[in-house]
Amino acid sequence: MDLVTLAPRATPDERAAVDVVLGAPVGRWDGGERADPEGGHVASGGHAARERRHLLLPVLHAIQERVGWISRPALEYACRRLSIPPADAYGVARFYGLFSTTLRPPIVAHVCDDIACRLAGAEDVCADLGRALGPAGEPALDGEATWLRSPCLGRCERAPAALFTVAGTLPETIAAAPVDAAGIVTRLERTAAGRRLVPAPTDTEPDEERLANVRRSVPQAGGPGLRILRRVGVTDPRSLDDYLATGGYRGLRRAMEIGREAVIAEVTASGLLGRGGAAFPTGRKWAAVAAQPGQPHYTVCNADESEPGTFKDRVLMEEDPYAIVEAMTIEGFATGSAHGFLYIRAEYPLSAARMAHALATARAAGYIGADILGSGVAFDIEIRRGAGAYVCGEETALFNSIEGKRGEPRNKPPFPVEVGLFGRPTAVNNIETLVNIPGIVADGGAAFAALGTQGSRGPKLFCISGSVPGPGVYEVEFGASLGDLIALAGGVTPGRALRAVLLGGAAGVFMGPDSLDLPLTFEATRAAGATLGSGVVMVFDQTADLVGTLRRVAAFFRDESCGQCVPCRVGTVRQEELLARLANGRPNGSVADELALLADLGLAMRDASICGLGQFASSAIESAVRAGLVAFAGHGEARA
Amino acid sequence: MSSEIAHIFSEPPARSTRIPGPPPVPAPAAVELTIDGRTVSVPAGATILDACRAESIHIPTLCFLENLTPVNACRVCVVEVAGARTLVPACSRPVEAGMTVQTASERVRHSRRLVLELLASSVDLSTAPGVADMLAEYGADPARFGPAAPPAQAGERDARQPGHHHVPDGAASATVAQPVKVDNELFVRDYAKCILCYKCVEACGVDAQNTFAIAVAGRGFDAHISTEYDTPLPASACVYCGNCIGVCPTGALMFRSEHEMRAAGTWDEAAQSRTDTICPYCGVGCTLTLHVQQGAIVKVTSPLDASITEGHLCVKGRFGFTFVGSGGDGG
Ligand SMILES: Cc1cc2nc3c(=O)[nH]c(=O)nc-3n(C[C@H](O)[C@H](O)[C@H](O)COP(=O)(O)O)c2cc1C
Ligand code: SF4
Ligand code: SF4
Ligand code: SF4
Ligand code: FES
Ligand code: FES
């Protein structure tokens with residue numbers, strides 16, 4: 001391969017950003033000083049550079065954060081350092097929503113207009129911002145700032161939400177919820193005037209404030225009988241001592257005593273099913289990876305949590321980070337892997353900070369690293385950040401993203417347990433799945449299996465949002481009904497009637513008000529043609545604009561499709577257009593014709609798409625139509 | 001002169017000019033499966049498509065090509081495998097013992113029809129060989145999605161931000177229509193005809209050329225083939241091997257000669273002859289197929305099954321033919 005880099009020299013800032021991640025260049029092949037003028041052909045930097053391909057996303061993040069956008073000279077400098085063809089790297093940079101390859105102001109407010117935030121008035125916020133700052137994406141405040149719409153930011157319990165990113169030598173990423181337009185404008189103005197968003201580094205908020213925040217997101221915090229949430233709002237998530245004092249690392253110690261096979265046996269006996277959406281038996285997954293000959297194996301934790309309406313993994317990372325470190329260590333030990341990756345969506349800055357702090361302190365205390373607890377077992381974890389792509393939560397897209405590629409899902413089979421990250425056997429699990437692990441190993445799988453129902457063992461988290469007085473993360477033992485859950489959150493907003501519930505997220509299913517008795521278990525939802533998905537319970541009352549919500553769901557899938565396969569790439573566009581025609585009372589032919597076409601599209605997307613994104617892109621929309629929750633009128637007819 | 005020295009001066013023994021092939025490998029075990037009710041036996045490692053072809057069962061394909069790694073992106077080749085939740089792409093799915101495959105069930109025909117309708121409603125397929133027949137065979141009616149939206153301005157589609165789009169009002173259906181990119185003497189890129197099959201990217205990259213001048217950029221419906229920062233080809237890494245043209249299934253990538261003749265209405269495939277010959281430039285000896293219309297070479301391809309080229313050429317063989325028609329005095 002010839003690397004052709006023709007752009008002018010990257011600025012000192014751009015080079016510095018890249019060098020922070022990669023170290024200083026060692027010579028001219030590496031993009032360092034050259035005798036001849038800049039540009040032209042350079043030979044490849046060889047194996048050593050190409051083996052660092054997986055650092056492409058961290059490098060792109062570094063440029064984006066330092067300069068506010070990724071210029072061609074900056075990208076080409078990164079390409080020379082990593083020996084990646086510029087067209088290839090450009091394709092990667094252009095895949096992720098949080099990277100910009102055109103000049104963009106350094107201060108950006110990403111304003112969520114997704115399902116839950118819409119219910120909480122996000123469209124009004126956007127309209128006000130348009131009036132105050134100009135259209136989304138246009139430079140405002142003397143070119144210093146801009147605002148953009150964003151898909152779900154994982155803060156639906158406090159909707160509407162926004163994420164602020166500030167580029168510079170001291171970059172900041174801060175999430176805020178709830179927000180209003182005036183507050184957003186004030187923040188942008190203050191930051192443009194040179195002030196930092198928060199006066200000091202992120203994680204020093206006083207305990208009182210922190211606990212008040214926790215209790216707003218987790219109303220049950222500190223209550224009796226909690227398992228997954230038992231430390232939330234009880235311990236200081238920045239204290240390893242607190243973690244140890246509340247049973248921390250009992251699981252890992254027992255794992256080392258009983259050995260790999262016995263750990264997998266306990267997990268299998270627990271009946272734990274993955275909480276990331278696919279409900280695959282965790283024990284079986286681990287056993288399959290452990291049985292793969294050859295090394296290395298990898299352990300991956302999926303903390304991409306981008307399913308609209310989902311925010312439980314964020315709460316767990318923010319409030320119980322050591323449990324995740326411990327669980328991944330147990331998983332690595334059991335599956336014979338020494339290297340773990342924790343992939344966190346970029347919209348979760350506090351999660352990333354808390355996880356990094358937990359990792360560093362656990363490493364310093366010998367709970368993770370080259371020789372864990374003096375056992376000779378080695379395991380360590382690298383944190384990687386996403387860059388604004390829902391599809392990267394799909395496990396194989398996530399591998400590609402870690403490898404420095406476009407987050408395009410792979411065709412399966414082969415499955416990750418055989419061919420996963422870097423082509424190696426890989427165990428990938430969701431955050432909530434993992435937080436159950438230390439307890440299962442410490443107390444035995446049987447105790448866990450004794451909870452819940454026949455087909456759904458243990459406790460489960462649900463993310464309740466929308467029209468309830470107490471939105472938040474709730475823990476119940478499997479078996480609780482939809483009505484029980486809504487009652488936990490205080491019932492439907494007083495004075496309002498229940499119109500619909502979105503179960504499982506944007507890829508889930510709308511249920512009518514007659515579904516309150518449905519037990520929220522894997523088996524009961526499956527039998528009802530629904531799904532638990534990622535544990536989303538979003539409540540809509542009679543004032544909600546359901547047709548608008550369906551159009552937002554369609555827009556979400558259109559935006560988040562990776563674009564690889566035709567049924568999803570074009571099908572999601574056609575689905576959104578079709579809903580627009582119906583909503584505007586201008587169907588092609590009759591309403592029935594349009595609904596038949598919608599079903600035709602849905603079937604092909606479900607049957608012929610590569611990954612779950614396309615396969616479930618029509619699920620919520622079709623379910624709402626099927627359940628009669630929305631009605632459409634033809635030409636000249638009144639809207640029902 | 002001793003006999004040893006005599007030996008040195010004598011002729012070396014005759015040897016084969018053929019490069020020795022790899023040592024023989026044991027034939028893979030046979031796998032038995034059922035396709036459309038027939039019991040079929042194929043070597044392990046074969047794909048469902050291989051098995052179907054061995055049985056003369058026709059499976060439509062668009063993103064598959066024998067000389068490239070399957071990307072299984074177009075999904076027009078899907079078949080039904082008993083026990084699988086979704087349909088599977090025949091072009092890349094390896095056979096398994098005992099598999100039961102249906103290639104023409106209602107489910108299969110439905111997805112193929114929708115894939116074709118979705119493509120035909122968003123992409124100009126007028127120069128894609130074989131696609132009209134596919135549309136007819138599956139009864140595809142792309143007009144179901146309503147009238148097409150007006151074409152995008154030059155560069156507009158390339159500039160779209162991932163994760164953002166204009167919310168449609170339903171009046172028209174989006175397409176990839178846009179002006180053709182003409183930025184060099186040798187070939188044009190008409191991405192209004194691009195089905196995003198990834199073949200050109202593979203041919204430019206690891207599957208043939210290893211130049212990596214183009215890649216997929218953007219996301220979802222806005223995904224498109226691009227050089228870095230949409231830079232024109234002459235300022236990119238492109239070496240004009242034309243291998244991307246050779247694999248493009250829709251005519252999106254086209255010889256400039258063909259593009260201009262089509263625009264002038266003088267392109268006439270029926271009046272063209274094809275002649276296989278050997279490239280005159282270097283000792284590799286690639287097989288060329290000269291496409292000749294009215295005594296002039298109008299484009300050059302190479303057969304996919306040619307042992308040396310596997311369909312791929314370099315800039316000289318692909319484009320270095322204008323001297324042929326330049327007169328008999330060598331000038
Ligand atoms: C489009 C798409 C997005 C997904 N997003 C997530 C996610 O954000 N977090 C997650 O844990 N799993 C997500 N999944 C499921 C993962 O592919 C995978 O099944 C899961 O991480 C496995 O972990 P588990 O067995 O612990 O559930 C997603 C799947 C699809 C198809
Ligand atoms: S279904 Fe959609 S997101 Fe998944 S691979 Fe296909 S285009 Fe990409
Ligand atoms: S002509 Fe050759 S080098 Fe140029 S883009 Fe096509 S395949 Fe790549
Ligand atoms: S230009 Fe041609 S070969 Fe390339 S992706 Fe488009 S249709 Fe396929
Ligand atoms: S944070 Fe806005 S919908 Fe989730
Ligand atoms: S030919 Fe198989 S997916 Fe395109």
Proximal to chain A - members of residues 75-82 of chain B, heavy-atom separation under 4.5 Å: Arg75(B), Val78(B)
For residues [X] and [Y], report the shortest heavy-atom separation together with the two atoms involved.
X: Ser111(B); Y: Asp607(A); value: OG-CB, 3.5 Å
X: Leu601(A); Y: Phe145(B); value: CD2-CE2, 4.1 Å
X: Ser92(B); Y: Asn411(A); value: OG-ND2, 3.8 Å

Heavy-atom proximity to chain B below 4.5 Å, by part of [X]:
X: Leu613(A); result: neither
X: Phe99(A); result: backbone
X: Ala93(A); result: neither
X: Ser609(A); result: backbone

Taking [options] one by one, which has the highest count of heavy-atom pairs under 4.5 Å against chain A?
options: Ile225(B), Val176(B), Leu114(B), Val201(B); answer: Leu114(B)
options: Ser121(B), Ala213(B), Gly146(B), Pro94(B); answer: Ser121(B)
options: Ala223(B), Cys204(B), Ala73(B); answer: Ala73(B)
options: Arg107(B), His110(B), His164(B); answer: His110(B)
options: Gly170(B), Ser173(B), Ser226(B); answer: Ser173(B)
options: Val216(B), Val115(B), Leu62(B); answer: Val216(B)

Where does [X] contact chain A at under 4.5 Å (heavy atoms): side chain, backbone, both or neither?
X: Arg93(B); answer: side chain
X: Leu196(B); answer: both
X: Ala171(B); answer: both
X: Thr227(B); answer: backbone
X: Ala174(B); answer: both
X: Pro70(B); answer: neither

Distance in Å, [X] [atom1] paired with [Y] [atom2], rounded so as to fall on 0.5 Å steps:
X: Arg574(A); Y: Arg144(B); atom1: CZ; atom2: CZ; value: 11.5 Å
X: Glu576(A); Y: Phe221(B); atom1: CD; atom2: CZ; value: 11.5 Å
X: Arg94(A); Y: Asp222(B); atom1: CZ; atom2: CG; value: 8.5 Å
X: Gln564(A); Y: Asn72(B); atom1: CD; atom2: CG; value: 7.5 Å

Worked check of side chain to side chain contact (heavy atoms under 4.5 Å, CB included) between Val573(A) and His165(B): CA-CA 10 Å; Val573(A) 172; His165(B) 71 281; over 6 Å; no
Might you work through the side-chain hydrogen bond (donor to acceptor under 3.5 Å, both in side chains) test for Thr231(B) and Arg72(A), ending with a clear yes or no? CA-CA 10 Å; Thr231(B) 200; Arg72(A) 183 167 174 191; 3.1 Å; yes
Glu76(A) vs Glu228(B), side chain to side chain contact (heavy atoms under 4.5 Å, CB included): CA-CA, chis, key distance, verdict: CA-CA 9 Å; Glu76(A) 291 195 346; Glu228(B) 62 272 25; 4.1 Å; yes
List in chain and number order the residues that pass salt bridge (charged side-chain N to carboxylate O under 4.0 Å, His left out) with Glu394(A), two or more places apart in sequence or in another chain; answer none if no residue qualifies. Lys412(A)
Chi angles and distances behind the side chain to side chain contact (heavy atoms under 4.5 Å, CB included) call for Leu119(B), Arg569(A): CA-CA 10 Å; Leu119(B) 281 177; Arg569(A) 178 178 76 236; 4.1 Å; yes
Give the intermediate values and the outcome of side chain to side chain contact (heavy atoms under 4.5 Å, CB included) for residues Asp169(B) and Asn584(A). CA-CA 8 Å; Asp169(B) 63 4; Asn584(A) 294 335; 4.2 Å; yes
Residue selection (most heavy-atom pairs with chain B, distance under 4.5 Å) from Asn588(A), Leu148(A), Ile610(A): Ile610(A)
